[in-house]
Amino acid sequence: FRSFLIRAPRAVKSIFHNMSVSRPHSDDARQRPQWMTWDQVPWLARVEAGGPPLQLSDRLLDTAAGGMELTKFLRQELPEIAGEFSLQWVGIVHRAPQWKTFADFGRLPQNDLPYRSCEEALDRNAAGYLPWSGPSGPLGALVVIPIGAAGVQSGVLVLFGRNLGPELLPGAWGLARVLGQCVRFLQGHERDERRIDRLRSTLRISSQFAAARESQPLLTLIAQDAT
């Protein structure tokens, strides 16, 4: 958990580096103390280009730090991402070795995503904006961004919307980086929880060795815990 808290702010800082250009202050302003709450940071304003993605990234980090199940986290947060970017569909797809949907929200106009573009995003380690057309004509556009989360090393965040433009790329890149950190943390949290459960089970069985007078009940208990 500590490493997650260390990495996450670094990810946010690198993601939104372009928003950190300082504004000039007057000499008078430099001579007096000033305080600013997080909510007052200009980047968080919706009028700022990176404000909404940064706000959403901040909420993702706060939610993930609570340690909920990964499936519940994605079920809760993917609709938030869709709403923030006015998407018709958002999903995480991964190659294992065939392309599969890891989690998604919304509806696609057709079932087959252009997975070749997902492969290119992974090969380039780059986010891509892709106009998308079907047999009947233009469908909208896709944005594909690698997230590289543990367990979905070949994972790609895919955004689909009828009115997406390439100007979405910087904010989507930043959001995908934060989402990948959240997924990694929650997967590690789930592994730790399973390990703790196994240790508890082992300790419970061990505590009964001294009291066991017959082997059959003890063997039955071990078999039950192994299933």
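Everything quoted here is computed from the prediction, not taken from an experiment.
Listed by first and then second residue, the ring-ring contact (aromatic ring centres under 6.0 Å, His included) pairs involving residues 62-91 amount to none (not counting sequence neighbours). Sorted by first and then second residue, the ring-ring contact (aromatic ring centres under 6.0 Å, His included) pairs involving residues 128-147 (not counting sequence neighbours) are Trp132-Phe160. Sequence neighbours left out, not one pair with a member in residues 154-164 passes salt bridge (Lys or Arg N to Asp or Glu O under 4.0 Å). Listed by first and then second residue, the salt bridge (Lys or Arg N to Asp or Glu O under 4.0 Å) pairs that reach into residues 116-145 are Glu120-Arg124, sequence neighbours excluded.
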How far apart are the C-alpha atoms of Phe102 and Leu70, what are their side-chain angles, what is the distance that settles it, and do they pass the side-chain contact (heavy atoms from CB on, under 4.5 Å) test? CA-CA 11 Å; Phe102 186 73; Leu70 176 58; 3.9 Å; yes
Before you tell me yes or no, could you show the steps for Leu87 and Leu164 under side-chain contact (heavy atoms from CB on, under 4.5 Å), namely the whole-Å CA-CA distance, both residues' side-chain angles and the distance that decides it to 0.1 Å? CA-CA 8 Å; Leu87 305 173; Leu164 292 186; 3.6 Å; yes
Decide side-chain contact (heavy atoms from CB on, under 4.5 Å) for Glu77 and Leu179; before the verdict, give the C-alpha distance in whole Å, the side-chain angles of both, and the deciding distance to 0.1 Å. CA-CA 10 Å; Glu77 299 303 331; Leu179 183 62; 5.6 Å; no
As a quick check of understanding, evaluate side-chain contact (heavy atoms from CB on, under 4.5 Å) for Val93 and Val144, giving each step before the final call. CA-CA 10 Å; Val93 299; Val144 293; over 6 Å; no
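Evaluation of the side-chain contact (heavy atoms from CB on, under 4.5 Å) rule for Ala172 yields Val143, Ile145, Leu159, Leu168 as partners, not counting sequence neighbours. For Ser86, there are no side-chain contact (heavy atoms from CB on, under 4.5 Å) partners at least two apart in sequence or on another chain. Partners of Asp112 according to the side-chain contact (heavy atoms from CB on, under 4.5 Å) rule, which considers only residues two or more places apart in sequence or in another chain, do not exist here. Lys100 pairs by the side-chain contact (heavy atoms from CB on, under 4.5 Å) definition with His94, not counting sequence neighbours.
The neighbour count for Gln110 CD, taken as heavy atoms of other residues, nucleotides or ligands under 6.0 Å away, is above 12.
In this structure, CG in Leu186 is found 11.5 Å from NZ in Lys72, a value given to the nearest 0.5 Å. For the atom pair Asp104 CG and Leu157 CG, the distance stands at 11.5 Å (nearest 0.5 Å). In this structure, CZ on Arg59 lies 10.5 Å from CD on Gln76, to the nearest 0.5 angstrom. Once rounded to the nearest 0.5 Å, the distance linking CG of Leu60 with CD of Glu80 reads 8.5 Å.
In terms of heavy atoms, Ala126 sits closest to Trp173 at CA-CZ2, 3.9 Å. The minimum heavy-atom distance linking Gly174 with Ser57 is given by the pair O-OG, 4.5 Å. The minimum heavy-atom distance between Pro146 and Ala121, with the atom names listed, is CG-O, 3.8 Å. The shortest non-hydrogen separation linking Ile147 to Arg184 is O-NH1, 3.5 Å. Considering every non-hydrogen atom in both Leu74 and Ala103, the closest pair reads CD1-CB, 3.7 Å.
Proximity of Leu142 to Ser117: side-chain heavy atoms (C-beta onward) are nowhere separated by under 4.5 Å. Residues Leu175 and Glu84 fail the side-chain proximity criterion, which asks for heavy atoms closer than 4.5 Å. Contact check for Trp99 versus Val156: side-chain heavy atoms found under the 4.5 Å cut-off.
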